[in-house]
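For the numbers below, each heavy atom of this structure counts, side chains included, while hydrogens, waters and symmetry mates do not.
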Amino acid sequence: MARNAIVLIASIVFVVIMITTTGQSPVGTPGEPNSQSKASVIHKKFTEQIEEGFPPIRPPTFQLQIGDETLSFAQTLSELSAPLFVVPLILLLEFVSVAKSFAGGKTIDTTQELLALGLTNILGSFVQSIPVSASFVRSAVNVASGVKTPISNLYTGGIMLAVLGVLAQYLSYIPTSTLAAVIITSLLPLFKIPQVTMACFRSSKRDLIPMYATFFVGLFVNLTFAILFGVLVDLVFILYPTARPKLIIKSCKFPDIGEALLVVPDKNLSYSNIEFMKQRIIKSAGLTKLDVIVVDGSFVHVLDTTSIKALKETVGFFQSSQKKILFMSWRNHVRDQFVKFDNNHSDLFIPSVSFTDKYDVHLEDQNSLQDIY
């Protein structure tokens, strides 16, 4: 369990000995003047800016310093614009993703996690802390070091306080290659692409698309954008069935009505799918000689204004075509929504009745209607 610490301490001792005896380090370090690697330059700049001691406790500043110009709070909001809202959202998604990845199947209280994250950033602002969130790398290193509970954060916080207080100058002796090795070996157990791919292929091939989209964007762009991109891709698959509901369309014989065209949508009607349903109803009615269309609302729990308006337009279309549309098995509150829109068409609603299936409409013209199932 102590392998990470052993490797790190041994590497620091080795670098110190080599600098003492030869005057330079054989490996790249942040404090080595001759090290020209990008990682070393960035790390060196970072460690040079760290001063020993603890930051003063003071209220957070609401001004932004850009060069010699100081922006007010309103100017800061204008300067940051969209990232001011997008970046926190991405950090929240990453935070929840990390928590679920290392939960081991246990239940995650998302509200509790987000409250903890918000409180941490609020309190951190009083000591000039950078905004914090979860990290796959740090979490993987913790797990590889044997961490089992969140109490490890107390140890991590204590070490960071010690570093800030008296050990900041020794950060320049940590070899960048050692840090890279610790991170890589800690992340290896998380690399489960083959296993996850096979599991998705056997159960839900659709999940492979957002998974690999997120993976490749994270590989070639950055992890933050990859999480957002993966969420957007998955939203497409979630919203598409809503926009394209399945419709059962068949000819049935009803008592007191006779033969009619039955249309049964499988989900709620909203602005995203009502035009699709309207077009399919009109198209199906045009392929039959039936004068009555019955829309079964057994699966419709709510309507929005757009869907009510589209349904009333459909009623008007069939009335102008000397046909009649009826609404069967609609819930009372949904019916009231429809009628109260313009206080009209209350006579079009009928209770649920038994009927006899005669034939599926698409059997008459399969090439024209098979796409609506």
Side-chain angles (χ1 to χ4, degrees), residues 206 234-342 344-373:
R206 178 192 73 82
D234 199 51
L235 276 177
V236 173
F237 290 98
I238 295 174
L239 295 177
Y240 183 80
T242 303
R244 293 294 182 269
K246 292 183 178 180
L247 302 177
I248 299 174
I249 302 179
K250 60 178 63 180
S251 174
C252 300
K253 189 173 182 179
F254 295 85
D256 301 329
I257 298 177
E259 191 175 347
L261 182 68
L262 176 67
V263 179
V264 186
D266 71 333
K267 52 176 56 68
N268 290 324
L269 303 181
S270 64
Y271 71 93
S272 62
N273 58 27
I274 190 61
E275 284 298 324
F276 172 82
M277 176 179 167
K278 176 183 173 182
Q279 293 173 7
R280 292 304 185 267
I281 293 176
I282 294 174
K283 181 179 178 181
S284 303
L287 294 173
T288 68
K289 298 179 180 180
L290 302 176
D291 294 328
V292 180
I293 297 91
V294 178
V295 180
D296 189 330
S298 301
F299 300 103
V300 179
H301 298 271
V302 66
L303 293 174
D304 60 13
T305 303
T306 304
S307 59
I308 295 174
K309 183 178 179 181
L311 287 174
K312 288 186 176 288
E313 290 174 353
T314 307
V315 172
F317 173 82
F318 283 120
Q319 287 177 345
S320 64
S321 303
Q322 305 303 315
K323 294 187 178 183
K324 186 176 184 180
I325 183 170
L326 299 173
F327 301 99
M328 181 182 72
S329 303
W330 288 63
R331 288 168 171 78
N332 291 336
H333 71 277
V334 179
R335 180 195 62 198
D336 293 341
Q337 280 184 285
F338 184 88
V339 173
K340 290 178 180 179
F341 182 81
D342 58 1
N344 199 3
H345 300 133
S346 60
D347 58 320
L348 300 182
F349 288 86
I350 61 175
S352 177
V353 296
S354 59
F355 55 86
T356 304
D357 293 356
K358 295 196 67 177
Y359 55 83
D360 292 342
V361 174
H362 79 287
L363 295 179
E364 287 192 344
D365 191 343
Q366 187 171 1
N367 294 329
S368 298
L369 290 176
Q370 61 180 353
D371 61 323
I372 69 176
Y373 289 90

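Within the model, atoms CD1 of I293 and OG1 of T288 stand 7.0 Å from one another, a figure rounded to the nearest 0.5 Å. A distance of 12.5 Å separates CD1 of I257 from CG of D291, quoted to the nearest 0.5 Å. Remark: L239 CG to N273 CG distance equals 11.0 Å, nearest 0.5 Å. Summarising the geometry, atom CG belonging to N332 is positioned 12.0 Å from atom CD belonging to Q337; distances are rounded to the nearest 0.5 Å. The CD1 atom of I281 sits 7.0 Å away from the CG atom of L247 when rounded to the nearest 0.5 Å. Taking OG of S251 as the reference point, atom CG of L262 lies at 9.0 Å (rounded to 0.5 Å).
Taking the side-chain hydrogen bond (donor to acceptor under 3.5 Å, both in side chains) definition, one finds that T305 meets it with nothing, sequence neighbours left out. Taking the side-chain hydrogen bond (donor to acceptor under 3.5 Å, both in side chains) definition, one finds that S298 meets it with D296, sequence neighbours left out. Applying the side-chain hydrogen bond (donor to acceptor under 3.5 Å, both in side chains) criterion to S272, with sequence neighbours excluded, gives S270. Partners of R206 by salt bridge (Lys or Arg N to Asp or Glu O under 4.0 Å), not counting sequence neighbours, listed by chain and number: D234.
Of all the heavy atoms in R331 and V300, the pair that sits closest is NH1-O, 3.4 Å. What you find for F237 and P241 is that their closest heavy atoms are O-CD, 2.9 Å. Nearest approach of A260 to V294, heavy atoms of both residues: CB-CG2, 4.0 Å. The two residues A285 and K323 make their nearest non-hydrogen contact at O-NZ, 3.0 Å. Between V302 and N268 the shortest heavy-atom distance is N-OD1, 3.3 Å. In plain terms, the two heavy atoms of S284 and I249 that are nearest each other are OG-CD1, 3.3 Å.
Applying the ring-ring contact (aromatic ring centres under 6.0 Å, His included) test to pairs two or more places apart or on separate chains, those with a residue in residues 278-328 are F327-W330, F327-F338, F327-F349. For residues 299-321, every residue pair satisfying the salt bridge (Lys or Arg N to Asp or Glu O under 4.0 Å) rule, not counting sequence neighbours, is listed here: K278-E313, K312-D342.
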CA sep, side-chain torsions, deciding dist, call: T314, M277, side chain to side chain contact (heavy atoms under 4.5 Å, CB included): CA-CA 10 Å; T314 307; M277 176 179 167; over 6 Å; no
Side chain to side chain contact (heavy atoms under 4.5 Å, CB included) evaluation trace for L311 with L269: CA-CA 10 Å; L311 287 174; L269 303 181; 4.2 Å; yes
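Atom NZ of K267 has more than 12 neighbouring heavy atoms from other residues, nucleotides or ligands inside a 6.0 Å radius.
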